[in-house]
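Every chain is numbered from 1, with letters handed out A, B, ... down the list of sequences. Bear in mind that the values here come from a model prediction, so they are computed numbers and not experimental data. The basis for the numbers below is simple: all heavy atoms, side chains too, and nothing from hydrogens, waters or symmetry mates.
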Amino acid sequence: MINSACRLRKTPSGTPSTDEEVLQELALDYPLPKLLLEYRGMAKLKSTYTDKLPQMVNRETGRVHTSYSQAVAVTGRLASSDPNLQNIPVRTVEGRRIREAFIAPPGSRIVSADYSQIELRIMAHLSGDQGLLRAFANAEDIHRATAAEVFSTPLDAVSNEQRRYAKVINFGLIYGMSAFGLASQLNIERSAAQQYIDLYFMRYPGVADYMQRTRQQAKQQGYVETVFGRRLWLPEINGGNGMRRQAAERAAINAPMQGTAADLIKLAMAAVQNWIEREQLHTRLIMQVHDELVLEVPENELALVNENLPGLMCHVAELKVPTKLDWVKARIGKRRIKQTRCCLAWASKNFHLFAILVNT
DNA sequence: TTTAATGGCGCG
DNA sequence: AAAGCGCGCCATTAAA
């Protein structure tokens, strides 16, 4: 079935890979891969969300309740399970229909607030790079600013493609991506990718220094730290297995940024909950999604929450850059909800409708 | 029936 | 040989 022309890549165990990237490529030449991708997408939504979530509605509360593990993720993040509510779909139109099933009870609204570009801000703080600090101090669109630097272009002359490139570079930096990774991500030559990386580090020398220092420190100490001092130990950073050592190096680059972000959101959770109790509000902090807090807010407390949440979340620590929220607002505003009980009683109906849609 | 490994994919 | 960090959960397959 999978002839040699279709075997674009192998999995670690040696079998032909059929992941999304491979299938997208094959879809250029054959009709089947596209269908398969569509099927997989729908099957994923159905099996993981529409079939499962309604089964997990608690009989007493009428809601789904997740569990958060505090000592699972090595970077200090929380991990959500049974069900995982930190991976509810949002990136596609079909997926967002799942998310729409999550609603507030009558008289309340869902409010969610997430930190804007938090890991890049932390990279600016940790590296102390002047260009990056200035961009954030000036509240610039950071990907646009990066594109302007890398492509030596005025800010307002940055093209969409240039911004897209810069965005991939920025994310790649956080994850310790190589020229090879950048090339495959942007579908360009590896030498071109290397040039972009070199150019980036010339424009942001503080970041280059920081990356270098971090690797070195990891090798000497055997661990890296967040801004608040939580450590990630890297036993394989000096090991003999090249592949694992390189993976450890990437983890060393990423952990201070992902981990500091995790520290900040935990401080924010405490700050927000303390404020709610101090003010004796009926607002509830109901979820955390890594850089985002989700609250259920009675309508008569909406103004107060919208007014105070940014300050509470953004002043848990003073970094070398300002922290900012992407947005704070009531979600699902238009939909008039006439329903008894709360949240997922109604939601399960939505899930059911969706399941039928998928089945047909 | 349960457990473990694998490939794949949802999110930040 | 792999090539981008951190998770949890699904279906499938094989083995206990």
Kindly point out which of B:dG10, C:dC10, B:dG12 is positioned nearest to the side chain of A:E20? B:dG10
Please determine if a side-chain N or O atom of A:R77 lies less than 4.0 Å away from the OP1 or OP2 oxygen of B:dG12. no
Taking any heavy-atom pair under 4.0 Å as a contact, classify A:D82: base, sugar-phosphate, or nothing. sugar-phosphate
Of the listed nucleotides (C:dA3, C:dG8, C:dC7), which one gets closest to any side-chain atom of A:A73? C:dC7
Donor/acceptor link under 3.5 angstrom from A:R99 side chain onto base of B:dG10: no
Which whole number of Å gives the distance between the P atom of B:dC9 and that of C:dA1? 24 Å
With sugar-phosphate meaning primed atoms plus P, OP1 and OP2, does A:T15 contact a base, only sugar-phosphate, or nothing at under 4.0 Å between heavy atoms? sugar-phosphate
Expressed in angstrom and rounded to an integer, what is the separation of A:Y175 atom OH from C:dA3 atom P? 16 Å
At under 4.0 Å between heavy atoms, what does A:I88 touch on the DNA or RNA strands: base, sugar-phosphate, or nothing? sugar-phosphate
When rounded to whole Å, the CD to P distance for the pair A:Q86 and B:dG12 reads 10 Å
For the side chain of A:S178, counting heavy atoms from C-beta on, which of C:dA3, C:dG8, C:dA11 is nearest? C:dA3
Considering only C:dC5, B:dT6, B:dG8, which nucleotide approaches the side chain of A:T18 most closely? B:dG8
Grab the CZ-P distance between A:R40 and C:dC9 for me, whole Å please. 21 Å
Could you tell me whether a side-chain N or O of A:Y115 sits under 3.5 Å from a main-chain N or O of A:M313, the two making a donor and an acceptor? yes
So which nucleotide from B:dC9, B:dG12, C:dA3 ends up closest to the side chain of A:K44? B:dC9
Heavy-atom nearest pair, A:N254 first then A:I174, reads ND2-O, 3.1 Å
From C:dC5, B:dC9, B:dG10, pick the nucleotide closest to the side chain of A:A251? C:dC5
Value in whole Å for how far the C1' atom of C:dC10 lies from CD1 of A:I98: 14 Å
Touch class at under 4.0 angstrom, heavy-atom based, for A:E119 against every strand present: nothing
Value in whole Å for how far the P atom of B:dC11 lies from CG of A:D114: 14 Å
A:M287 CE to C:dC7 C1', in whole Å, measures 14 Å
Which nucleotide, C:dG8, B:dG12, C:dC5, lies nearest any side-chain atom of A:R250? C:dC5
To the closest 0.5 Å, what do you measure between OG1 (A:T18) and CG (A:L36)? 6.5 Å
Any idea which of C:dC7, C:dA11, B:dC9 is nearest the A:L37 side chain? B:dC9
Closest to the A:S81 side chain, choosing from C:dC9, C:dC7, B:dG7: C:dC9
Separation between CZ of A:R245 and CG of A:N241, rounded to the nearest 0.5 Å: 8.0 Å
For the aromatic rings, using the six-membered ring if either is Trp, is the centroid distance between A:Y210 and A:F201 under 6.0 Å? no
Does A:R96 CZ have over 12 foreign heavy atoms under 6.0 Å away? yes
Does atom NE2 (A:H65) have a neighbourhood of more than 12 heavy atoms from anything else shown, all under 6.0 Å? yes
For A:E21 and C:dA2, give me the distance from atom CD to atom P, rounded to whole Å. 14 Å
Phosphate oxygens OP1/OP2 of B:dG8: is one of them under 4.0 Å from a side-chain N or O of A:S17? yes
Whichever of A:N87 and A:G242 has its nearest DNA chain C nucleotide further upstream toward 5': A:G242
Answer yes or no: does a side-chain N or O of A:T11 lie under 4.0 Å from OP1 or OP2 of B:dG7? yes
Could you check how far CG of A:N170 sits from P of C:dC5, rounded to whole Å? 17 Å
